[in-house]
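Here the structure is laid out as structure tokens; the discussion comes afterwards.
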Amino acid sequence: MRTIAIITPIFATPENGRLDYFPQTLYSVRAQNLSPSNHIVQIVVDDGSTVDVEGYINELHDPRIRYLRREKNPQELWTASHPLNFGIDYCLSKSGDILTRTEAHNLEAVCFLHSDDLLYWNSIEERYRGLGVGFVHTEIAFFNNKRRVLLVRRGIDAKDQGHRNLAAEYNFLFNGHTVMWQLKFLQYVKDFVGRKYEQSGVFDPMLRLGEDLDVFLSSTEAAIEGEYSVDYVAAVSVLYRFHRQSISGDDNNPQSIREQAGRLYRKHFAQQIENSRVGFLTRVKVDPFWFWFTYLAPELKEKFAQVKYNLKGKTFRLKQPKVIKSLEQYLSEIIQ
């Protein structure tokens with residue numbers, strides 16, 4: 001039986017209300033429709049929560065959910081990258097502390113899911129079926145706490161476009177939260193970013209924002225170098241919750257956001273197109289909304305974000321009413 005690991009980082013406090021969303025996240029994993037040949041393990045990495053996350057998990061009595069506690073270094077940047085790397089390292093080492101001997105032997109793929117997001121009902125099965133010898137990504141849906149789908153964002157199929165050009169030309173369409181890696185390739189990605197960027201972990205520990213885009217670009221670069229595959233499944237696998245208390249939504253410091261965007265840009269684009277007009281346009285293209293709106297006050301950013309999602313969501317509703325209906329029906333079952 002094949003093992004597929006899902007890494008879920010969580011930092012929960014009485015103030016951030018993360019435990020309000022976390023049960024729904026866990027339920028979406030437990031509700032996965034899997035073939036008999038596939039087995040999932042969800043590794044929850046507690047990144048210094050001040051509420052009893054472990055106690056809540058123990059009450060579920062679900063042997064597929066494993067708990068790890070990571071103590072934060074006060075000097076670390078507050079980012080989900082640290083707990084994600086922590087969980088990935090346990091998978092790569094096939095640690096007996098978190099996996100049984102059989103699970104470790106049969107571990108074939110790894111993906112991640114944030115503690116406020118949801119997996120669609122066949123997320124693991126669809127991605128694993130589409131996974132080759134590198135990594136796979138899919139469409140992603142954005143939703144709010146009213147169980148309304150705001151937008152479904154499609155990705156780019158490397159087979160159609162030629163993935164050597166994807167990192168420079170189509171990166172803004174990559175859905176980093178939907179990545180699933182083949183285990184051997186995941187080790188290659190870790191070695192690759194260590195060599196190229198002197199980075200200690202698959203996820204960049206110096207990025208608070210955009211770490212999902214960064215890991216996608218790093219994975220693409222590693223796939224090009226090592227001649228691994230970049231695969232795409234044209235279906236929603238992850239539902240991303242749009243709300244104020246997310247890490248990215250919580251950062252209202254324009255300078256901080258610009259510094260984060262600059263780091264991501266310099267890593268992946270500066271060597272090829274440094275100091276050029278194309279370089280500037282590529283940087284904007286990474287996420288035009290995020291880049292330009294860092295100059296706006298937080299309340300204006302929130303208003304424009306709603307307008308953007310509403311416009312795109314209405315367009316998608318007209319084009320794909322059955323998809324929207326199916327997704328929102330699923331949300332109504334998960335979010336009671």
Side-chain angles (χ1 to χ4, degrees), residues 1-12 18-19 21-32 34 38-49 51-72 76 79-120 123-125 127-128 131 135-136 176-187 189-190 200-205 211-212 215 219 237-238 240 247:
M1 182 180 291
R2 295 180 289 259
T3 302
I4 301 162
I6 306 162
I7 301 169
T8 298
I10 183 168
F11 172 65
R18 192 49 57 100
L19 279 189
Y21 304 136
F22 187 51
Q24 299 162 10
T25 301
L26 294 178
Y27 183 71
S28 76
V29 174
R30 298 164 73 202
Q32 286 297 292
L34 294 171
N38 288 334
H39 168 67
I40 56 175
V41 174
Q42 185 175 19
I43 302 172
V44 176
V45 183
D46 187 345
D47 202 33
S49 297
V51 295
D52 189 10
V53 174
E54 184 178 17
Y56 176 78
I57 290 173
N58 289 339
E59 289 177 2
L60 296 176
H61 302 291
D62 189 332
R64 295 170 298 179
I65 306 175
R66 315 292 162 81
Y67 175 84
L68 286 172
R69 174 89 178 185
R70 193 191 82 92
E71 296 303 329
K72 284 184 171 184
E76 289 175 347
T79 170
S81 294
H82 291 299
L84 285 166
N85 287 335
F86 195 70
I88 285 173
D89 287 346
Y90 267 87
C91 291
L92 292 176
S93 68
K94 297 190 175 183
S95 171
D97 293 337
I98 202 70
L99 299 171
T100 67
R101 182 178 299 180
T102 300
E103 288 169 344
H105 178 75
N106 295 330
L107 182 61
E108 293 193 10
V110 177
C111 61
F112 67 99
L113 176 69
H114 288 291
S115 61
D116 51 349
D117 297 336
L118 306 173
L119 293 183
Y120 199 39
S123 168
I124 299 300
E125 194 72 19
R127 282 187 281 177
Y128 184 79
L131 178 63
F135 74 97
V136 64
H177 288 80
T178 70
V179 167
M180 177 183 283
W181 297 276
Q182 189 263 355
L183 189 68
K184 181 180 177 181
F185 175 66
L186 184 57
Q187 180 65 63
V189 175
K190 183 177 180 182
S200 59
V202 172
F203 284 84
D204 189 341
E211 72 280 357
D212 60 308
V215 84
S219 297
S237 68
V238 174
Y240 179 96
I247 290 179

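- Residues Ala109 and Tyr128 come closest through the heavy atom pair CB-CD1, 4.2 Å.
- No donor-acceptor distance shorter than 3.5 angstrom exists from the side chain of Ser237 to the backbone of Ser123, with no hydrogens or angles considered.
- For the atom pair Leu92 CG and Gln187 CD, the distance stands at 5.0 Å (nearest 0.5 Å).
- Using cut-offs of 30° and 60° on the angle between ring planes, the pair Phe22 and Tyr56 is tilted.
- We find the CZ-CG distance between Arg2 and Leu183 to be 14.5 Å, quoted to the nearest 0.5 Å.
- With sequence neighbours excluded, the residues that form a side chain to side chain donor-acceptor pair (under 3.5 Å) with Glu125 are Ser35, Asn38.
- Evaluation of the salt bridge (Lys or Arg N to Asp or Glu O under 4.0 Å) test over residues 91-103, restricted to residues two or more places apart or in two chains, returns Arg66-Glu103.
- In plain terms, the two heavy atoms of Ile7 and Cys91 that are nearest each other are CD1-SG, 4.3 Å.
- How far OH of Tyr21 is from CG of Leu118: 11.5 Å, rounded to the nearest 0.5 Å.
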Chi angles and distances behind the side chain to side chain contact (heavy atoms under 4.5 Å, CB included) call for Val41, Ile6: CA-CA 6 Å; Val41 174; Ile6 306 162; over 6 Å; no
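- Every residue two or more places apart in sequence or in another chain that forms a side chain to side chain donor-acceptor pair (under 3.5 Å) with Gln42 is listed here: Thr8.
- Taking the side chain as every heavy atom from C-beta outward, Ile65 and Arg30 approach each other to under 4.5 Å.
- Side-chain atoms of Ile10 and Asp116, non-hydrogen and from C-beta on, never get closer than 4.5 Å to each other.
- Interatomic distance, Leu119 CG to Leu113 CG, rounded to the nearest 0.5 Å: 4.5 Å.
- Residues that satisfy the ring pair (Phe, Tyr, Trp, His ring centres under 6.0 Å) test with Tyr120, not counting sequence neighbours, are Tyr330.
- Residue pairs meeting the side chain to side chain donor-acceptor pair (under 3.5 Å) criterion with at least one partner in residues 82-93, sequence neighbours excluded, are Asp89-Lys190.
- The local environment of OH in Tyr67 is crowded, with over 12 non-hydrogen atoms from other residues, nucleotides or ligands closer than 6.0 Å.
- Take Ser81 and apply the side chain to side chain donor-acceptor pair (under 3.5 Å) test, not counting sequence neighbours, and it matches Thr79.
- Evaluation of the salt bridge (Lys or Arg N to Asp or Glu O under 4.0 Å) rule for Glu76 yields Arg70 as partners, not counting sequence neighbours.
- Remark: Ser115 OG to Leu19 CG distance equals 8.5 Å, nearest 0.5 Å.
- Once rounded to the nearest 0.5 Å, the distance linking CH2 of Trp181 with CZ of Arg127 reads 10.0 Å.
- Taking the ring pair (Phe, Tyr, Trp, His ring centres under 6.0 Å) definition, one finds that His39 meets it with nothing, sequence neighbours left out.
- A search for salt bridge (Lys or Arg N to Asp or Glu O under 4.0 Å) contacts involving Asp46 returns Arg69, not counting sequence neighbours.
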Where do Val45 and Leu84 land on the side chain to side chain contact (heavy atoms under 4.5 Å, CB included) test, with the steps shown first? CA-CA 7 Å; Val45 183; Leu84 285 166; over 6 Å; no
Audit row: Ile4, Gln32, side chain to side chain contact (heavy atoms under 4.5 Å, CB included) steps and yes/no: CA-CA 12 Å; Ile4 301 162; Gln32 286 297 292; over 6 Å; no
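- Every residue two or more places apart in sequence or in another chain that forms a side-chain contact (heavy atoms from CB on, under 4.5 Å) with Thr102 is listed here: Thr100, Asn106.
- Annotation: side-chain contact (heavy atoms from CB on, under 4.5 Å) contacts of Gln182 (sequence neighbours excluded): Leu131, Lys184, Phe185.
- When side chains are defined from C-beta on, Val136 does not count as touching Val179, because their heavy atoms never get closer than 4.5 Å.
- Counting heavy atoms from C-beta outward, Met180 and Ile124 have side chains that approach closer than 4.5 Å.
- Side chains of Phe86 and Phe203 form no contact here, defined as non-hydrogen atoms less than 4.5 Å apart.
- Listed by chain and residue number, nothing satisfies the side chain to side chain donor-acceptor pair (under 3.5 Å) test with Ser28 (two or more places apart in sequence, or in another chain).
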